[in-house]
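To start, the structure itself, in structure tokens.
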Amino acid sequence: LFEKHRFDYAVNLAAQAGVRYSLINPHSYVDSNITGFLNILEACRAFPVKHLVYASSSSVYGLSEDIPFQEDNCTDHPLAMYAASKKANEMMAHSYANLYNIPCTGLRFFTVYGPWGRPDMAYFRMITNVISGADFNFFGDGSVERDFTFIDDVTRVIGESIDIKLPNQHDVINVGGSSPRSMSDLINILEKFGLE
């Protein structure tokens with residue numbers, strides 16, 4: 001495809017997503033997220049693009065207590081293979097940007113939600129369980145917060161990031177809603193809409 005179409009820009013959002021599945025099948029994360037991303041980088045090297053934008057993840061922050069997360073926070077302690085593969089992507093992109101002069105931007109997405117979302121996400125599981133009358137469980141006391149980001153905001157940021165002028169050959173950008181909500185808040189929202 002790169003040879004045939006000679007793309008000006010490349011956007012890579014493909015990945016094996018989710019933390020839970022990485023505990024069961026870590027090889028799929030290496031195959032898709034690391035080897036697959038290496039293939040994209042190699043294609044960008046062989047058929048140069050003006051800018052490569054790729055999906056990273058807020059998971060790279062691990063259990064960091066430096067909140068709110070900043071792009072220059074330490075991300076050297078991923079907690080699952082998914083996070084490790086996304087950290088590896090950032091390191092690989094940094095290397096290719098510097099070795100081969102490929103401008104790269106990693107977008108660290110924070111809990112993207114919306115239509116056609118992944119069915120393994122907590123809010124989908126809760127709604128499914130509520131509709132079917134099944135109980136749902138979450139870990140802890142409900143105070144853990146997540147920064148939910150609506151898919152329309154994510155697609156807007158992806159589009160805008162393609163044309164940005166990079167201060168460096170490689171940068172990472174946090175993409176979140178900046179309004180963290182606790183699991184208790186999420187349950188209260190579901191109850192408010194009659195899904196109790």
Side-chain angles (χ1 to χ4, degrees), residues 1-19 29 32-62 64 66-76 78 82-118 121 123 145-181:
L1 287 175
F2 275 77
E3 182 176 14
K4 179 179 178 182
H5 296 288
R6 304 291 173 145
F7 302 115
D8 292 323
Y9 303 94
V11 178
N12 180 49
L13 305 176
Q16 177 66 57
V19 173
Y29 290 77
S32 179
N33 299 4
I34 296 176
T35 303
F37 189 60
L38 177 61
N39 292 337
I40 296 291
L41 290 169
E42 279 291 292
C44 290
R45 180 169 73 95
F47 306 98
V49 296
K50 295 176 184 176
H51 192 180
L52 166 64
V53 176
Y54 66 94
S56 187
S57 170
S58 62
S59 296
V60 299
Y61 291 110
S64 175
D66 295 329
I67 297 173
F69 297 137
Q70 301 293 320
E71 288 86 348
D72 59 356
N73 285 85
C74 178
T75 57
D76 293 341
Y82 172 68
S85 71
K86 289 301 185 177
K87 174 64 177 178
N89 286 173
E90 292 182 5
M91 295 169 64
M92 293 161 65
H94 180 82
S95 296
Y96 270 68
N98 286 282
L99 289 172
Y100 306 115
N101 202 33
I102 302 169
C104 299
T105 300
L107 303 176
R108 291 178 178 165
F109 297 131
F110 284 72
T111 315
V112 179
Y113 74 97
W116 299 98
R118 290 188 3 243
M121 298 293 285
Y123 63 92
E145 294 184 331
R146 301 293 301 258
D147 191 10
F148 293 91
T149 314
F150 190 59
I151 186 63
D152 289 358
D153 296 319
V154 169
T155 56
R156 179 182 47 79
V157 169
I158 292 168
E160 291 174 357
S161 66
I162 292 170
D163 288 324
I164 63 173
K165 302 293 185 240
L166 298 171
N168 303 304
Q169 279 295 97
H170 176 256
D171 279 316
V172 292
I173 300 170
N174 287 340
V175 180
S178 299
S179 301
R181 303 300 290 263

Test ring pair (Phe, Tyr, Trp, His ring centres under 6.0 Å) applied to [X] - qualifying residues, sequence neighbours left out:
X	result
H51	none
Y82	none
Y9	none

Q.
Looking at G18, is its backbone amide N or carbonyl O close enough to the side chain of Y29 to form a donor-acceptor pair, meaning the two atoms are under 3.5 Å apart?
A.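 Present.
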Q | Spacing of F47 atom CZ and R6 atom CZ [to the nearest 0.5 Å] | A |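 Going from the CZ atom of F47 to the CZ atom of R6 covers 5.0 Å.
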Q) To the nearest 0.5 Å, how far apart are CG in D8 and NZ in K50? A)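 Here the rounded value is 4.5 Å.
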Q: List for me each residue that meets side chain to side chain contact (heavy atoms under 4.5 Å, CB included) alongside A43, sequence neighbours excluded, and say none if there are none.
A: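 Listed in chain order: F2.
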Which residues share a side-chain hydrogen bond (donor to acceptor under 3.5 Å, both in side chains) with [X], sequence neighbours left out:
X	answer
N33	S85
N12	none
N39	none

Test item: [X] and [Y] side chains (from C-beta on) under 4.5 Å apart, heavy atoms:
X	Y	answer
L52	F37	yes
F109	S59	no
I164	I173	yes
L41	I102	no
I40	Y54	no
Y96	L38	yes

Q. With E71, which residues qualify under salt bridge (Lys or Arg N to Asp or Glu O under 4.0 Å), at least two apart?
A.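 With sequence neighbours excluded, E71 shows a salt bridge (Lys or Arg N to Asp or Glu O under 4.0 Å) to no residue whatsoever.
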Q: Just jot down the salt bridge (Lys or Arg N to Asp or Glu O under 4.0 Å) partners of D76, sequence neighbours excluded, or say none.
A: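 With sequence neighbours excluded, D76 shows a salt bridge (Lys or Arg N to Asp or Glu O under 4.0 Å) to K87, given in chain and number order.
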Over all atoms of both residues, closest heavy-atom pair of [X] and [Y]:
X	Y	result
C104	A93	SG-O, 3.9 Å
N89	A55	OD1-O, 4.4 Å
F150	P115	CE1-CD, 4.0 Å
G176	F110	CA-CB, 4.0 Å
N174	F69	ND2-O, 3.2 Å
K86	S57	CG-CB, 3.9 Å

Extract all donor-acceptor atom pairs below 3.5 Å that involve side chains of residues 153-161 and protein atoms in other chains or at least two apart in sequence.
unit_1: T155; atom_1: OG1; unit_2: I151; atom_2: O; d: 3.4
unit_1: T155; atom_1: OG1; unit_2: D152; atom_2: O; d: 3.0
unit_1: S161; atom_1: OG; unit_2: V157; atom_2: O; d: 3.2
unit_1: S161; atom_1: OG; unit_2: I158; atom_2: O; d: 2.8

Q. Given the rule in the side-chain contact (heavy atoms from CB on, under 4.5 Å) test, do R45 and L99 qualify, once you have shown the distances and angles that lead to the verdict?
A. CA-CA 10 Å; R45 180 169 73 95; L99 289 172; over 6 Å; no
**Q.** Selection residues 93-111 - residue pairs positive for salt bridge (charged side-chain N to carboxylate O under 4.0 Å, His left out), sequence neighbours left out
**A.**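 For residues 93-111: E90-R108.
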Q.
Going by salt bridge (charged side-chain N to carboxylate O under 4.0 Å, His left out), name the pairs with one or both residues in residues 166-177, residues two or more places apart or in two chains.
A.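 Salt bridge (charged side-chain N to carboxylate O under 4.0 Å, His left out) check on residues 166-177 returns no pairs.
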